Each structure stands twice: as structure tokens, then as C-alpha cells.
Amino acid sequence: EPEVTQTPSHQVTQMGQEVILRCVPISNHLYFYWYRQILGQKVEFLVSFYNNEISEKSEIFDDQFSVERPDGSNFTLKIRSTKLEDSAMYFCASRRLRPLGEKLFFGSGTQLSVL
Amino acid sequence: DAKTTQPPSMDCAEGRAANLPCNHSTISGNEYVYWYRQIHSQGPQYIIHGLKNNETNEMASLIITEDRKSSTLILPHATLRDTAVYYCIVRADPNFGNEKLTFGTGTRLTIIP
């Protein structure tokens, strides 16, 4: 089965630094997502992205966060100035255009540790 | 999206059917029931979804009650690899927007050898 690929698998950074988490969605998918999971807590929606723009975002996704599809294959999440509370597992997901409500394919995640 | 209630944990013997219940008594007519699972700390994995009819695929069966206020996910022959947290998610018809999935705390299913 095709896979969503995320790199790196682990990222350690200092508070205040910028990080970019990278994802390669499945090739014929057109909807892209970022979710995160703080250790021991629920999986939380951050943002959805379609047709080169954000289609929906949560309250967590503030001005410190941004997403981009810089080329035809990558989808990135940037955190401009990391905080301790940004430490979490970040999951990228993608799905096909049709049918609506189609299942999401999730990557294995990037564990972000902010020191 | 409607709220769901699931038992926090369940055990099932290997080779037996695992039946995971979910209560969604406030579900509305255009809301679907989705099931995902998360093995250890991996990314969630889609299992199945339905609106009002029972559904079956290669992984599981989904039984939705006639009043749609509850559902049961059935793993017909559980294996050790089915040990995971299982999430029941009610989600509005995506034809009306609302792309996000709202995960709860799920049911931690442990398959016993």
C-alpha cells in the first residue's frame, strides 16, 4: 500500500529556533493535513490544505505555524519560534480528491523535542 | 461533530472476535461514523466508516444500530498485531466542508495470547 513519508523521524531543537517538518504525501493525493499528539494526550487537528491554500485550521495553528507545498511532492510544516509546549509527535496525512470523506493516510510522524 | 463515548480499555483473546462499542447518541442525520486505530505511537490508521448501513471490508465490520445512536466495530479474528488504541469518530458530511477528524481518547484494545 502507498505510504505517506515523514522526515526526520526525530527532531531536537532549542526553544526559539525555527523548525521545518517535511512530508511526502501519496502521489495522487490532493488534500493534505497536519495533526499533532502531545505525549499521553489526544491526536489534535492542526490544519488542512488543498489547492495551495489552507482550507481549515484549528486554534492551535496560530501565526507561529505555516504550511507550504514548495514543489509537486513535498508538504511542510514550519514553526517559526518553537516553544517548550510545541514538543509533540507531528503527523502528516493525505487523501484523494474523491470521494469526499475518503480515508486519510497518516505518516509515521516526526517526534519534535523542544529543549 | 457529535460526541462519542467508548470504554477506556478492553481485552480480547487471540483468535476471537473483538467487539468494540461506541455510543454516539447525539449523532445527526448527516454525520458519518469513522473508526481509526493507532498502534503504539504510529500514525492513525483508517479502518472503516459508515452512515447507516452495516459495512464490511478486509479489516473489520461496522454495525450501526437502526437509530444510529451506537455502533460496534468487529475485528473477526483478532491477532496480537491488533493491539492498539481504537478511535470512534463522528464526522459531518464532508460535502459540507469540515475536513478535520476530532479524535477522542479511544479504547485501548489488548489482544491476549
Side-chain angles (χ1 to χ4, degrees), chain A residues 1-6 9-10 21 23 25-26 29-51 53-61 67 88-112, chain B residues 1-6 8-9 27-53 55-60 62 64 73 81 84-108:
Chain A
E1 192 170 62
E3 291 184 344
V4 174
T5 305
Q6 291 188 242
S9 56
H10 293 85
L21 308 183
C23 169
I26 295 170
H29 286 191
L30 296 177
Y31 276 89
F32 313 113
Y33 308 81
W34 285 100
Y35 284 76
R36 79 173 186 187
Q37 187 173 31
I38 295 169
L39 184 63
Q41 298 188 24
K42 300 176 186 178
V43 177
E44 301 174 291
F45 169 81
L46 292 179
V47 66
S48 60
F49 189 87
Y50 169 69
N51 200 24
E53 60 183 29
I54 290 172
S55 52
E56 191 172 353
K57 63 181 180 179
S58 71
E59 291 179 354
I60 302 168
F61 195 88
V67 290
M89 180 74 88
Y90 287 80
F91 296 110
C92 173
S94 69
R95 70 166 178 88
R96 298 183 303 181
L97 177 61
R98 291 276 188 264
L100 293 176
E102 172 74 349
K103 62 185 177 181
L104 267 61
F105 289 80
F106 284 82
S108 297
T110 293
Q111 179 65 56
L112 176 65
Chain B
D1 294 334
K3 180 177 168 58
T4 62
T5 303
Q6 299 178 252
S9 64
I27 194 169
S28 60
N30 69 342
E31 289 182 316
Y32 287 71
V33 180
Y34 284 76
W35 284 83
Y36 279 77
R37 72 181 182 183
Q38 189 175 23
I39 297 173
H40 194 46
S41 295
Q42 296 176 23
Q45 177 189 25
Y46 168 87
I47 301 172
I48 200 166
H49 77 280
L51 181 62
K52 53 184 176 182
N53 297 321
E55 302 287 345
T56 295
N57 63 21
E58 65 279 2
M59 289 183 69
L62 174 60
I64 303 175
L73 177 75
R81 287 179 295 183
V85 177
Y86 287 76
Y87 300 100
C88 171
I89 301 168
V90 169
R91 179 192 170 187
D93 186 343
N95 285 294
F96 296 96
N98 187 18
E99 281 292 321
K100 70 180 181 183
L101 295 172
T102 301
F103 288 82
T105 53
T107 295
R108 182 172 298 278

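For the numbers below, each heavy atom of this structure counts, side chains included, while hydrogens, waters and symmetry mates do not. Chain letters run A, B, ... following the sequence lines, proteins first and then strands; every chain starts at 1. Here the structure is a predicted model, which means the values were calculated and not measured.
Contact of Tyr35(A) with chain B is made through the side chain alone, with heavy-atom distances under 4.5 Å. For Ser48(A), the part lying under 4.5 angstrom from a heavy atom of chain B is the side chain only. Contacts between Gln6(A) and chain B at a heavy-atom distance below 4.5 Å are absent for every atom of the residue.
Ranked by non-hydrogen atom pairs under 4.5 Å with chain B, the options Leu46(A), Leu104(A), Leu39(A), Val47(A) are led by Leu104(A). Ranked by heavy-atom pairs under 4.5 Å with chain B, the first of Glu44(A), Met89(A), Gln37(A), Gln111(A) is Gln37(A).
In this pair, Tyr31(A) and Tyr50(A) present their aromatic rings parallel. The plane angle is below 30°, not in the 30 to 60° band. Note: Tyr34(B) and Tyr36(B) have parallel aromatic rings, judged against thresholds of 30 and 60 degrees for the angle between ring planes.
Interatomic distance, Asn57(B) CG to Met59(B) CE, rounded to the nearest 0.5 Å: 7.0 Å.
A donor atom on one side chain and an acceptor atom on the other are found under 3.5 Å apart for Arg37(B) and Tyr86(B).
No donor-acceptor distance shorter than 3.5 angstrom exists from the side chain of Glu55(B) to the backbone of Ile48(B), with no hydrogens or angles considered.
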